[in-house]
Amino acid sequence: MNQLRLSPSRVNDFTNCPLLYKYRVIDQLPESPSIDAERGTLVHTILHDLFESPPQSRTIQTALDLLPSRWQAQLELKPELANLITSEKEWYDRAKSLLETYFRLENPTTFEPTYRELHLEQNLSADTYLHGYVDRLDVAPTGEVRIIDYKTGKSPKPGWEEKALFQLRVYALLYWKEHNVIPKLLQLIYLGDSNVLKNTPLESDLIATEKSLLKIAESILESMETNNWKPRKSRLCDWCSFKSICPAHN
Ligand code: SF4
């Protein structure tokens, strides 16, 4: 049997709804593009490319100047996106507002990122491979590491912070396993409502994250073996591409 490939997104899919995981990962059913996800991709690309410029040029104007060319490149890759946009002005205005929020939360002229879109990977066990792409990872001259992820949505409601931090704890675990250094700071930058969620991971948090990943991997492997994928209805069903074929809704 092939190794199970896990990433924070795939783990989320399975924990949100095992049937969604099956449709997306096992059956690889096509999904129509989501306007929010595509806006997220565009803003992430601009925040990535902004750091190609020297520090003093990393201004809001530089970011806004990147908007048309990066959007054109995205459209060339996926021409069907043109049908999603009913008003180009509205589309640009929303992306502009997210970028302006970024500049209110961080000043990119004051630091040099060490890595952008860093790929981290490890074999979690003999049958499970774990990987992920970190938006940005900064190593301070003193050796302290911070992991940053940009979110174009809103920050979690009180009580949901731990779930939101899971993704960054997975990256911290991967980094720790590879470099034997526990990142000092995890930072989720929410451009949707101008909030930053910060956390200092402890060794015990990362050990707990690893245990939880192993447990989830075991459940996925069991579902594969038994071909048993239970639907789990939730608010997320309203955004699920597979609602029309899902037995929980039909
Ligand atoms: S519609 Fe809901 S229950 Fe059905 S697959 Fe999607 S997320 Fe799962």
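In listed order, ligands and their atoms are each counted from 1. We're numbering straight along the sequence, starting at 1.
Proximity of Leu214 to Thr128: side-chain heavy atoms (C-beta onward) are nowhere separated by under 4.5 Å.
The aromatic rings of Tyr23 and Phe242 lie tilted to each other, with the angle between the two planes from 30° to 60°.
Note that NZ of Lys198 is 13.0 Å distant from CG of Leu165, once rounded to the nearest 0.5 Å. Separating the CG atom in Leu130 from the CG atom in Asn123 is a distance of 9.5 Å, to the nearest 0.5 Å.
Atom 2 (Fe) of ligand 1 has as its closest protein heavy atom Cys237 SG, 2.3 Å. Annotation: atom 4 (Fe) of ligand 1 to nearest protein heavy atom, Cys246 SG, 2.4 Å.
Aromatic rings from Phe111 and Phe51 are positioned such that their centres are separated by under 6.0 Å.
The contact set between ligand 1 and Pro231, taken as ligand atoms under 4.0 Å from a residue heavy atom, comprises 3 (S). Below 4.0 Å from some heavy atom of Cys17 lie the following atoms of ligand 1, by number and element: 3 (S), 5 (S), 7 (S), 8 (Fe).
When the heavy-atom distances from atom 3 (S) of ligand 1 to Lys243, Arg24, Arg232 are ranked, the shortest goes to Arg232.
Ion pairing of Arg58 with Glu106 is absent here, as no side-chain N (NZ or NE/NH1/NH2) approaches a carboxylate O to less than 4.0 Å.
The distance from atom 8 (Fe) of ligand 1 to the nearest N/O/S atom of Cys240 is not under 2.8 Å. The nearest N, O or S atom of His249 is not closer to atom 2 (Fe) of ligand 1 than 2.8 Å.
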